[in-house]
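What follows is one structure encoded as structure tokens, with my remarks underneath.
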Amino acid sequence: MKSSLKSVGEHGSYVFRHNLKITQLGKSGQIDEAIKVFQHMTHKNTVTHNSMISAFAKNGRISDARQLFDGMPQRNIVSWNSMIAAYLHNDRVEEARQLFDKMPTRDLYSWTLMITCYTRNGELAKARNLFNLLPYKWNPVCCNAMVAGYAKNRQFDEARRLFDAMPAKDLVSWNSMLTGYTRNGEMRLGLQFFEEMAERDVVSWNLMVDGFVEVGDLNSSWEFFEKIPNPNTVSWVTMLCGFARFGKIAEARRLFDQMPIRNVVAWNAMIAAYVQNCHVDEAISLFMEMPEKNSISWTTVINGYVRMGKLDEARQLLNQMPYRNVAAQTAMISGYVQNKRMDDARQIFNQISIRDVVCWNTMIAGYSQCGRMDEALHLFKQMVKKDIVSWNTMVASYAQVGQMDAAIKIFEEMKEKNIVSWNSLISGLTQNGSYLDALKSFMLMGHEGQKPDQSTFACGLSSCAHLAALQVGKQLHQLVMKSGYATDLFVSNALITMYAKCGSISSAELLFKDIDHFDVVSWNSLIAAYALNGNGREALKLFHKMEVEGVAPDEVTFVGILSACSHVGLIDQGLKLFKCMVQAYNIEPLAEHYACMVDLLGRAGRLEEAFQLVRGMKINANAGIWGALLGACRIHGNLELAKFAAEKLLEFEPHKTSNYVLLSNMQAEAGRWDEVARVRRLMKEKGAEKQPGWSWIELQNRVHAFLSEDPAHPRAVELCHILRSLTAHMRNTGDMPLECLL
DNA sequence: CTAGGGTTAG
């Protein structure tokens with residue numbers, strides 16, 4: 001009896017010490033060491049297993065934790081709670097709930113864990129239901145969890161109501177309320193609450209410091225930091241990160257050197273500070289120097305190399321890493337993705353057993369950017385837990401490759417949409433020429449309670465510009481003024497372009513004068529506006545003014561002035577500017593510039609020169625260039641060159657009917673009917689069909705679109721009637737252009 | 001060994 005007690009005691013102390021060791025190792029991220037200790041233990045009890053579950057969970061190894069949980073000889077309530085906590089800390093609410101429902105008995109820990117699960121997930125109603133059911137309602141820990149849940153989700157009133165009703169408030173209760181304000185950028189309310197607080201601890205102070213950092217008020221942040229009675233490592237690290245975020249790397253380093261105690265977190269924060277500010281060499285040397293490294297340290301330096309484009313160095317570090325985690329692997333993947341090395345990215349991706357959302361999203365974005373939409377879609381479909389970013393990526397990607405039908409389909413399947421979703425759709429529609437649909441979506445978005453941002457406005461205005469919808473454009477302008485985005489450069493420039501394309505050049509000029517800090521895009525917008533309205537001399541005047549004011553023109557500026565020259569027939573001026581662009585401004589001509597030049601020379605009948613220019617190009621020609629040449633050939637009746645240009649053009653645009661029509665008309669004019677037939681045949685082979693003509697008109701602030709032969713418009717019959725009488729009228733007065741009579 | 005407030009990598 002005595003000896004057996006003694007042996008229990010001996011084992012007891014042995015087990016106790018080792019259990020503690022596992023916990024410590026797990027908390028400090030040394031999971032491999034923890035596993036070793038666990039495996040070599042001669043005696044284990046339930047607590048040993050529980051400790052190991054927590055150690056796994058804290059290091060993201062959720063499936064290992066679950067495996068241990070399922071296989072352990074005996075489970076107590078702490079085992080269940082630990083497993084639920086494991087799911088909580090790894091954002092797996094569904095699995096947590098399943099365990100919670102299945103567990104034989106529940107205690108205060110279980111209920112609190114589950115409430116926190118829900119509030120982290122934003123499911124406040126579910127959390128509140130549990131809270132109302134639980135038997136320990138006025139326990140401060142449970143109450144605090146609920147208060148914190150409300151506060152973090154910006155439900156300040158609900159939080160405050162519960163907070164005020166609490167019979168026993170402790171410091172955590174106060175800090176839970178405070179967190180709600182500081183984490184949501186409500187520093188005015190936060191400060192007010194802070195001053196109201198009966199007692200404060202270092203957490204309260206740290207919250208204030210971090211809150212001010214979040215809203216970009218470094219001065220207040222520093223003011224509070226200096227007042228902290230006993231700053232701890234967290235205080236120092238928070239302030240350090242604040243400096244780092246605003247590029248104050250020297251101040252960050254000074255804090256790091258002054259810190260009384262430097263733990264892994266402090267080292268990691270300093271390394272991250274260097275990485276954020278592109279000082280990768282310093283980051284690496286600090287990494288080498290640091291006494292103990294965890295997976296975050298490794299991930300940070302790998303990410304540093306990735307950002308500098310040093311992929312091989314990053315890969316080497318990843319290979320050396322003692323225990324790879326998803327974050328490090330995802331950093332590596334995003335490096336490969338940015339450099340379009342999708343196969344390398346895929347290799348890493350395949351190595352990851354439990355992938356997080358970020359990792360999947362990175363791969364999907366990568367495939368999309370390489371135009372590999374099938375693979376992107378395949379991954380997207382495989383994803384079990386998609387977030388809003390996954391959906392948005394798919395919408396934007398389909399839009400980018402011009403598959404608007406697919407983009408719209410994905411968009412419509414979305415349960416939850418944010419501003420990015422709408423902007424992806426609207427900018428996609430704009431870029432793919434569906435201006436009217438873009439504007440319709442803009443309106444729809446408003447009806448669904450989503451406010452436009454600068455990007456939405458820019459797209460909407462651009463659509464108005466293309467449609468020449470002045471009234472709608474003006475309305476958007478009004479909305480811009482109310483929204484507070486009027487000072488945004490993108491929006492201002494879009495406004496200039498909109499007025500210019502709608503022919504309201506004086507409004508464009510007025511806007512240009514009103515911009516405080518315009519950039520080269522503003523100049524470009526107005527120059528393009530003049531060019532478009534046939535006011536080439538004004539465009540050139542503005543270009544010179546721009547030079548006088550010391551704004552360096554860019555490639556877009558030259559597209560504007562070259563097209564201005566071409567439209568008003570300033571041949572020599574255009575040639576001079578083209579030369580000046582290359583020689584004085586060191587701008588390599590793009591296809592667009594060549595297209596302008598071909599147009600310019602071609603209109604003047606200097607076809608041979610235009611052709612020589614194209615043949616001498618270093619870059620590949622595009623549809624714009626061949627189109628310009630073909631157009632010039634048509635004007636000046638050069639059938640041979642036209643044939644050549646058309647052949648090239650059709651390689652780019654095999655489905656565009658107008659190209660075939662242009663060529664066949666030229667052949668017809670020359671009486672070469674065999675060639676006409678050949679072109680018609682070719683057109684059929686390539687599957688080019690006559691695209692329905694469509695036009696639009698603004699009536700009483702509404703844009704109406706018409707498709708030829710389209711009876712869909714509600715007032716089609718009426719309109720046809722009016723059209724017929726108009727045509728008759730024009731025929732009588734001789735106003736009718738020839739083409740319209742055909 | 002498990003629950004409520006604060007820091008670090010993506």
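Any value given below was found using the heavy atoms of this structure, including those in side chains, with hydrogens, waters and symmetry copies removed. Owing to the predicted nature of the structure, the values given are computational and were not obtained by experimental measurement. In what follows, chains are A, B, ... by sequence order, proteins preceding strands, each numbered from 1.
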Would you mind classifying the nucleic acid contact of [X] as base, sugar-phosphate or nothing, using non-hydrogen atoms under 4.0 angstrom?
| X | result |
| --- | --- |
| A:Lys293 | nothing |
| A:Asn76 | nothing |
| A:Ser51 | sugar-phosphate |
| A:Asn303 | sugar-phosphate |
| A:Thr330 | nothing |
| A:Ile22 | nothing |
| A:Leu108 | base |

[X] side chain, from C-beta outward: closest of [options]:
| X | options | answer |
| --- | --- | --- |
| A:Asn50 | B:dA9, B:dT2, B:dC1 | B:dC1 |
| A:Ala327 | B:dT2, B:dA9, B:dG6 | B:dA9 |
| A:Asp356 | B:dG10, B:dA9, B:dG5 | B:dG10 |
| A:Ile296 | B:dG5, B:dA3, B:dT8 | B:dT8 |
| A:Val78 | B:dA3, B:dA9, B:dC1 | B:dC1 |
| A:Val141 | B:dA3, B:dG10, B:dT7 | B:dA3 |
| A:Ser82 | B:dA9, B:dT2, B:dG5 | B:dT2 |

Which parts of [range] get close to DNA chain B, meaning a heavy atom less than 4.0 angstrom away?
| range | result |
| --- | --- |
| residues 240-270 of chain A | A:Cys241, A:Val265, A:Asn268 |
| residues 201-224 of chain A | A:Asp201, A:Val203, A:Asn206, A:Leu207, A:Asp210 |
| residues 53-73 of chain A | A:Ser54, A:Lys58 |

State plainly whether the residues [X] and [Y] are in salt-bridge range, i.e. N to O under 4.0 Å.
| X | Y | value |
| --- | --- | --- |
| A:Glu95 | A:Lys385 | no |
| A:Arg97 | A:Asp101 | yes |
| A:Lys36 | A:Asp32 | no |

Test ring-ring contact (aromatic ring centres under 6.0 Å, His included) applied to A:Trp80 and A:Tyr109, A:Phe69, A:Phe100, A:Tyr87, the passing residue:
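So the option named by the test is A:Phe69.
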
Contacts under 3.5 angstrom, residues 183-191 of chain A side chains, donor-acceptor by atom type, not counting sequence neighbours:
{"from": "A:Asn184", "atom 1": "ND2", "to": "A:Ala151", "atom 2": "O", "distance (Å)": "3.3"}
{"from": "A:Asn184", "atom 1": "ND2", "to": "A:Lys152", "atom 2": "O", "distance (Å)": "3.4"}
{"from": "A:Asn184", "atom 1": "ND2", "to": "A:Gly180", "atom 2": "O", "distance (Å)": "2.7"}
{"from": "A:Glu186", "atom 1": "OE2", "to": "A:Arg154", "atom 2": "NH2", "distance (Å)": "2.4"}

So that I know where these two stand, are A:Trp360 and A:Phe380 an aromatic pair - ring centroids less than 6.0 Å apart?
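Not under 6.0 Å, so no.
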
Salt bridge (charged side-chain N to carboxylate O under 4.0 Å, His left out) for A:Glu199 and A:Lys169? Distances and angles first, verdict last.
CA-CA 11 Å; A:Glu199 54 170 333; A:Lys169 290 189 254 295; over 6 Å; no

Verify the distance criterion only: is there a donor paired with an acceptor across the side chains of A:Asn175 and A:Asp201 at less than 3.5 Å?
yes

Would you list the atom pairs, donor with acceptor, under 3.5 Å between side chains in residues 342-349 of chain A and any protein atom, with sequence neighbours excluded?
{"from": "A:Asp344", "atom 1": "OD2", "to": "A:Arg341", "atom 2": "NE", "distance (Å)": "2.8"}
{"from": "A:Asp344", "atom 1": "OD2", "to": "A:Arg341", "atom 2": "NH2", "distance (Å)": "3.1"}
{"from": "A:Arg346", "atom 1": "NE", "to": "A:Asn350", "atom 2": "OD1", "distance (Å)": "3.2"}
{"from": "A:Arg346", "atom 1": "NH1", "to": "A:Tyr367", "atom 2": "OH", "distance (Å)": "3.2"}

Side-chain donor-acceptor pairs under 3.5 Å in residues 262-274 of chain A, sequence neighbours left out?
{"from": "A:Arg262", "atom 1": "NH1", "to": "A:Phe256", "atom 2": "O", "distance (Å)": "2.7"}
{"from": "A:Arg262", "atom 1": "NH1", "to": "A:Asp257", "atom 2": "O", "distance (Å)": "3.4"}
{"from": "A:Asn263", "atom 1": "OD1", "to": "A:Val265", "atom 2": "N", "distance (Å)": "3.2"}
{"from": "A:Asn263", "atom 1": "OD1", "to": "A:Ala266", "atom 2": "N", "distance (Å)": "2.9"}
{"from": "A:Asn268", "atom 1": "OD1", "to": "A:Ser297", "atom 2": "OG", "distance (Å)": "2.7"}
{"from": "A:Asn268", "atom 1": "ND2", "to": "A:Asn294", "atom 2": "OD1", "distance (Å)": "3.1"}
{"from": "A:Tyr274", "atom 1": "OH", "to": "A:Arg253", "atom 2": "NH1", "distance (Å)": "3.0"}

Go through A:Asp157 and A:Arg161 one step at a time and tell me if the salt bridge (charged side-chain N to carboxylate O under 4.0 Å, His left out) criterion holds.
CA-CA 6 Å; A:Asp157 293 340; A:Arg161 204 169 301 149; 5.5 Å; no

